[in-house]
Amino acid sequence: MRASVLQKIEDIAVEQRPVPEPGPHEVLVRVSAVGTCGSDTHYYERGRIGDFVVREPLILGHEASGTIVALGSEVRDHEVGSRVSLEPGVPCLSCHECRSGRYNLCPDVRFFATPPIDGAFCEYVTLHEQFVYPVPDELSDEAAAMIEPLSVAVWACRKARISPGARVLVTGAGPVGLLAAQTARVFGATEVVITDVTDHRLRTAAELGVTETVNVRHRPLPEVDYEADVLLECSGNPTAATEAVRSVGRAGRVVFVGLGGDELLLPLSHVQTREIEVTGTFRYANTWPTAIALAASGAVELDSLVTHRFELERVPEALTAAARDDTVVKPVVYPQR
Ligand SMILES: [Zn+2]
Ligand SMILES: [Zn+2]
């Protein structure tokens, strides 16, 4: 099979690799579509994210959909030919975190495109049967791949305990911010204000049903005078994050979703005197069925976020597209083309 392999920083080449063999509890999937993610770009440009360092050639890509083409010997609950969305992290299922239902915090999780585990920018992957989810016909291949970033949004909204009538502030109108904003509406938020520094992204957000967009380059958040019950921080920008925390009101919740720097200034007296809860999210757990249902019912729109399409040979372009062009929301790679 063909596989797009990161050899070293800013060096990706298509190679021939053997088609992987599914283990007894795995399925073999022919990959249809793979979204590109900020983390893929980070590995491509810097060769590491925190303690995860690319030491050997690595296949990137973790937002994937495909079709099952073979079953491991023990697989009973899947069929060859079924279209599926892939949950790209397989935890150990036996440690304390896994048994507590927090399998996203499993220290032994094997996650696609996180060194040394290969991802999905290739023609075929194998995956544990429990992390492969059939999708209905109304979901496109792209939408089925974007169940992964939608899962990030669903998990963030659950952590934020968004309930009917909530006022929500979303910082950053990238793919995760746009999905978080839509998901917040579905969870019952009646006001969703989204910020960014790019008018194009904010226009997209407006089309997807947020109630107000703010370009913080021209109108800083303090001037907006908005008090939120929930902040979903999706910008990854420490300055924007600090400012946004000040917009959260009494007994509010702050969830850090974006991947930012290691540290930021927390306005502590604001947090203390209002008893604001502050937490982060790391990936997701038990979100695929919800995310698939939200996408299939049309409650969350995924297809219009796919703005640019690339074949396997053009993965480097796909990974750098967003930095070159602010009309890029989600570039998708098609390994079969
Ligand atoms: Zn991702
Ligand atoms: Zn575990």
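Indexing begins at 1, ligand by ligand and atom by atom, following the structure's order.
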Among pairs that include at least one residue of residues 253-280, which meet salt bridge (Lys or Arg N to Asp or Glu O under 4.0 Å), considering only residues two or more places apart or in two chains?
Arg161-Glu277
Cys92 SG and Cys98 SG subtending at the Zn ion (ligand 2) (10° steps)
110°
Could you check whether His25 and Glu74, counting side-chain N and O atoms only, form a donor-acceptor pair closer than 3.5 Å?
no
For Pro20 and Thr126, which heavy atoms make the closest approach, and how far apart are they?
CB-CG2, 3.8 Å
Residues two or more places apart in sequence or in another chain: which of them pass salt bridge (Lys or Arg N to Asp or Glu O under 4.0 Å) with Arg2?
Glu123, Glu313
List-wise, which protein N, O or S atoms are found short of 2.8 Å from the Zn ion (ligand 1)?
Cys37 SG, His62 NE2, Glu63 OE2
For the pair Arg102 (side chain) and Asn104 (backbone), establish whether a donor and an acceptor sit closer than 3.5 Å, ignoring hydrogens and angles.
no
Using modelled atom types only, decide if a donor and an acceptor are shared between the side chain of Arg55 and the backbone of Pro115 within a distance under 3.5 Å.
no
Restricting to side chain to side chain donor-acceptor pair (under 3.5 Å), what partner residues turn up for Ser235, sequence neighbours left out?
Glu233
Closer than 2.8 Å to the Zn ion (ligand 2), do we get an N, O or S atom from His96, backbone or side chain?
no
